[in-house]
Amino acid sequence: MKKNTSQFYRIIPFLFCLVTFASQANLSFEKIILNEITKMYMSSMTFIFLNQPLINQKGGNKEALFGDKFIDNIKATYQQKHNEEFPLLDHKLKQLLVQSMVEVMEDNKMLFNDEDIGFKGIIPAIFAAQLSAKLATKGIGLKIKFTRTKEDIRNVLNIPDQWESKVMAKIIEKPEIYYDEQAIINDKPAYRQFTPLPMAPYCLKCHGSMEHNPLNAGKDKEEWTNIDMTGFEMENWTLNDFGGGVSISIEKSVLE
Ligand code: HEC
């Protein structure tokens, strides 16, 4: 299992790469913020993905996962992914997002430093869900969600709302960023954006079928399991399936 896990993390092509974002030159202030926050959120997922060996390591120095060091690492990840500087933290939403990232890692500190547990289960999707939940507690009119079409949803908190379902139905054949400046959330006018996440071969290790499951490597077919390394039933997705995406909403009053 150890060997397979390390093989898994060696596959690092276009990690959590998003569809291309438009250049900022002609964008409105609102759209720039939505884009920046989406990219910040996704960069933190990428960093969590890249650092699974460190996260799951028993013991050792894990300072890179906490506090300012953690944020510096996310900034570097952002820069590498998007070939541009990490956004200035010149708006309270961006500041609170960064603060929430640090808090989520702090919440998991005992787990990360546990010397007996190997696989800690803090994969990008779990980190993203915890980050979304943390933001929700701040009551700041910013909501971020990692979601997908209703069937096959693993975490009920990720179930799409009506807007998200409608948008996904529209773009599922040809995934592209969908922006809506006339949306409503919690009965309040809001800016909303859905950014699809393309499928990549490594997604299949958990969401694919049994032959992709690293837990089955080197085993006879009769012994194969359709439970992935995170304990969920695999969904048999293929590379041609829809990978879901990041949905972000900001209440208009927050940006006024
Ligand atoms: C290591 C296993 C693993 C890998 C690899 C993985 N996922 Fe997931 N994924 C999960 C788990 C576990 C959850 C549920 C997280 C939670 O509790 O919110 C999840 C949740 C999701 C969700 C949110 C909706 C839901 O079902 O709760 C989407 C969308 C998703 N994954 C897409 C992807 C895509 C696309 C990739 C590749 C880019 C990928 N995943 C790679 C394990 C994985």
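The residues of the chain are indexed from 1 along the displayed sequence. Keep in mind that the numbers below use all heavy atoms, side chains included, and drop hydrogens, waters and symmetry copies. Every number for a ligand or one of its atoms is a count from 1 in the order of the listing.
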Check the surroundings of atom CD in Gln162: do more than 12 heavy atoms from other residues, nucleotides or ligands lie under 6.0 Å from it? no
State, without any angle test, whether Tyr78 and Glu84 hold a side-chain donor-acceptor pair at a distance under 3.5 Å. yes
Within 45° cone and under 6.0 Å: Lys31 NZ/CZ vs Tyr179 ring: yes
Numbering the atoms of ligand 1 from 1, which are under 4.0 Å from a heavy atom of Ile126? 15 (C), 16 (C), 17 (O)
Should Ile159 be listed as contacting ligand 1, given a heavy-atom distance under 4.0 Å as the test? no
Identity of the N, O or S atom of His207 lying closest to atom 8 (Fe) of ligand 1: NE2
Geometry only, no angles: is Asn158 polar-contacting ligand 1 at N/O separations under 3.5 Å? yes
For a quick check under 3.5 Å, do Ser247 and Glu164 share a side-chain donor-acceptor pair by atom type? yes
At under 4.0 Å between heavy atoms, what of Ile123 touches ligand 1? The answer is side chain
For atom 12 (C) of ligand 1, state which one of Thr230, Leu204, Thr149, Asn213 supplies the nearest heavy atom. Thr230
Go through ligand 1 atom by atom and flag the ones less than 4.0 Å from a non-hydrogen atom of Arg148. 29 (C)
Can you tell me if NZ on Lys143 sees more than 12 non-hydrogen neighbours from other groups inside 6.0 Å? no
Close side-chain approach of Asp228 and Leu215, heavy atoms under 4.5 Å: no
Region of Asn155 that comes within reach of ligand 1 [heavy atoms, distance under 4.0 Å]: both
The option among Cys203, Pro196, Ser247, Pro214 carrying the non-hydrogen atom nearest to atom 41 (C) of ligand 1 is Cys203
For ligand 1, which atoms have a heavy atom of Asp152 less than 4.0 angstrom away? 26 (O)
Just which atoms of ligand 1 are under 4.0 Å from any heavy atom in Thr147? 29 (C)
Ligand 1 to Trp237 polar contact by distance, N or O atoms, under 3.5 Å: no
Go through it in stages, so that I can follow the logic: the residues are Ile123 and Ile126, the test is side-chain contact (heavy atoms from CB on, under 4.5 Å), and I'd like the CA-CA distance, side-chain angles, deciding distance and then a yes or no. CA-CA 5 Å; Ile123 58 162; Ile126 297 282; 3.5 Å; yes
Under 4.0 Å from a heavy atom of Phe232: which atoms of ligand 1 are those, numbered in the order shown and with their elements? 12 (C)
Between Arg154 and Glu235, is the salt bridge (charged side-chain N to carboxylate O under 4.0 Å, His left out) condition met? List the steps. CA-CA 10 Å; Arg154 290 186 169 204; Glu235 292 97 341; 2.7 Å; yes
Short version for Lys205: what comes under 4.0 Å of ligand 1, heavy atoms counted, is neither
Only heavy atoms of Ala129, strictly under 4.0 Å: list the atoms of ligand 1 that pass. 18 (O)
I want to confirm something. Looking only at heavy atoms, which of Lys145, Arg154, Glu151 is nearest to atom 11 (C) of ligand 1? Arg154
Heavy atoms only: which of Gly244, Cys206, Gly208, Gly243 is nearest to atom 32 (C) of ligand 1? Gly243
Just jot down the ligand 1 atoms closer than 4.0 angstrom to any heavy atom of Leu197, in number order. 35 (C)
Got Leu97 and Leu135 here, is their nearest side-chain heavy-atom distance under 4.5 Å? yes
Does Glu173, at its CD atom, have more than 12 non-hydrogen atoms belonging to other residues, nucleotides or ligands within less than 6.0 Å? no
Any nitrogen or oxygen of Asp228, main chain or side chain, under 3.5 Å from a nitrogen or oxygen of ligand 1? no
May I ask you to check whether Gln99 and Glu103 show a side-chain donor-acceptor distance below 3.5 Å? yes
State which residue, out of Val246, Val167, Ile248, fulfils the side-chain contact (heavy atoms from CB on, under 4.5 Å) condition with Phe194. Val167
